[in-house]
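Below is one structure, written out as structure tokens; the observations come after it.
All values below come from the heavy atoms of this structure, side chains included, with hydrogens, waters and symmetry mates left out.
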Amino acid sequence: MKLFYSSILLISLFSCKQYETEKNCFENGKEKNTKPEEFKLDSPKEILKANLSHVKFSINKNFKTYEEEVNDYRKIMFEDDENAWNKRTEEYNTKFGVLRKNFGEQFLYKNIQKENNNIYGIGENQFGYWLLEVKNSIPNAYYLGLSNFTHFNNNQPENFVSGNKLLAYGSFIRISEQWGYPFAPPIEAVKDQLVFEINLDKVRKDSDKDRFNDLFEKLILLNPNFADTDNDGISDFTDINPLYKSEKSKFSDLYSQIIDHDHNNFDFSKNNYSFTGYFSDCDYFQKINPTHVKVLVYPEKERFNLKSDYKLGMFPDYIGKIKKDKDSKKFFINYGSGAGGGFVEAVYENGKWILSKQSTYAI
């Protein structure tokens, strides 16, 4: 009798899992349109309150305002002198050559300091600002905890690292009103002409010794106390999909192939500090194993737990559920981003997927 009830329980659990997979991964024609979250203007008080305790700041009126910084940037962007562009590019490559050698194109480099045999840098990527270090020929990057509401000026102190302190010049900023693609959001300063003083003891803290500092792991919802968040035997630092244990299955392979298709011109799989991210409750999607890019796949409920990034572009792409054709030989998946969208037509033949991507709108 005990064996009978155990069998019934296993069947029930399997049936429940099948139902959840079907609901979360496949369209059934009953999906409700989700209303986008209303735009909310963040108050200066909220922005300053969100600043982390290891970051102190003071005002220096001798520095450029955020508006002046933006005007300088616009002048550069609209400059049509090819020689000036080439000279500026050459100067950038020369100045930051050693950082590019160690970190590649994972960051936009803002500053560099050489001290004895150590090299320090400030880099910016989709997540915000980082301290870059090369010590004993080993490169490490530490997320500073400054992604929301923060802008670093082009001109920075020459010697910005001293002991356990980092100095930087910039502003706290916010999106000032609603916007829509293809236009960038209007941004304004809420606290301007700032000197940031950042405690590097807090920044360098890496509790699980996986080479991702705690501040970064908390930002992207990895476990800062366990070097292998998904327990798949691969360190978070090198794992292609660190939030979920990857598996090889028909529909996980389909999602992997769709993502690889978007990145097949470049191999970003070795970029430790950059990811492409998605939101999906589909376990096939969550357990993907792409070849060309590192991914973070979050359940839909985590969409509002992640801190919003006011620089935009953090996770701009959307890939939807699977729609079965009537004869079950073709499958369709919607995709979209700020640049447009459409659908992927997928046919499964001889154990392989054949994909055709169709654009239906562009912005």
With sequence neighbours left out, what residues match Asn223 under side chain to side chain donor-acceptor pair (under 3.5 Å)? none
Does the pair Tyr143 and Tyr273 meet the rule for a ring-ring contact (aromatic ring centres under 6.0 Å, His included), with working shown? CA-CA 9 Å; Tyr143 177 64; Tyr273 305 102; over 10 Å; no
Hey, which of Tyr335, Phe315, Phe285, Tyr255 is the one that makes ring-ring contact (aromatic ring centres under 6.0 Å, His included) with Tyr278? Phe285
Check Tyr109, Tyr129, Tyr66 against Phe152 for a ring-ring contact (aromatic ring centres under 6.0 Å, His included) and give me the one that passes. Tyr129
Please, which pairs that meet side chain to side chain donor-acceptor pair (under 3.5 Å) have at least one residue in residues 231-242, sequence neighbours excluded? Thr229-Asp236
Asp206 bridged to Arg211 by N-O distance under 4.0 Å: no
[X]-[Y] side chain donor-acceptor pair, cut-off 3.5 Å:
X	Y	answer
Asn155	Asn153	no
Arg100	Asn93	yes
Asn289	Ser256	no
Asn125	Trp130	yes
Ser356	Gln358	yes

Decide whether a cation-pi geometry holds between Lys250 and Tyr348; the criteria are a distance under 6.0 Å from NZ or CZ to the six-membered ring centre and an angle within 45° of the ring axis. yes
Centre of Phe26's six-membered ring, under 6.0 Å away, within 45 degrees of the axis: is that where NZ or CZ of Lys323 sits? no
To check you understand the geometry: which heavy-atom pair defines the closest contact between Gln286 and Tyr244, and what is its length? O-CB, 3.1 Å
Could you check if a side-chain atom of Leu215 sits within less than 4.5 angstrom of a side-chain atom of His54, using non-hydrogen atoms only? yes
For a 4.5 angstrom cut-off between non-hydrogen side-chain atoms, does Gln193 reach Thr65? yes
Heavy-atom donor-acceptor pair, Lys191 side chain to Phe57 backbone, under 3.5 Å: no
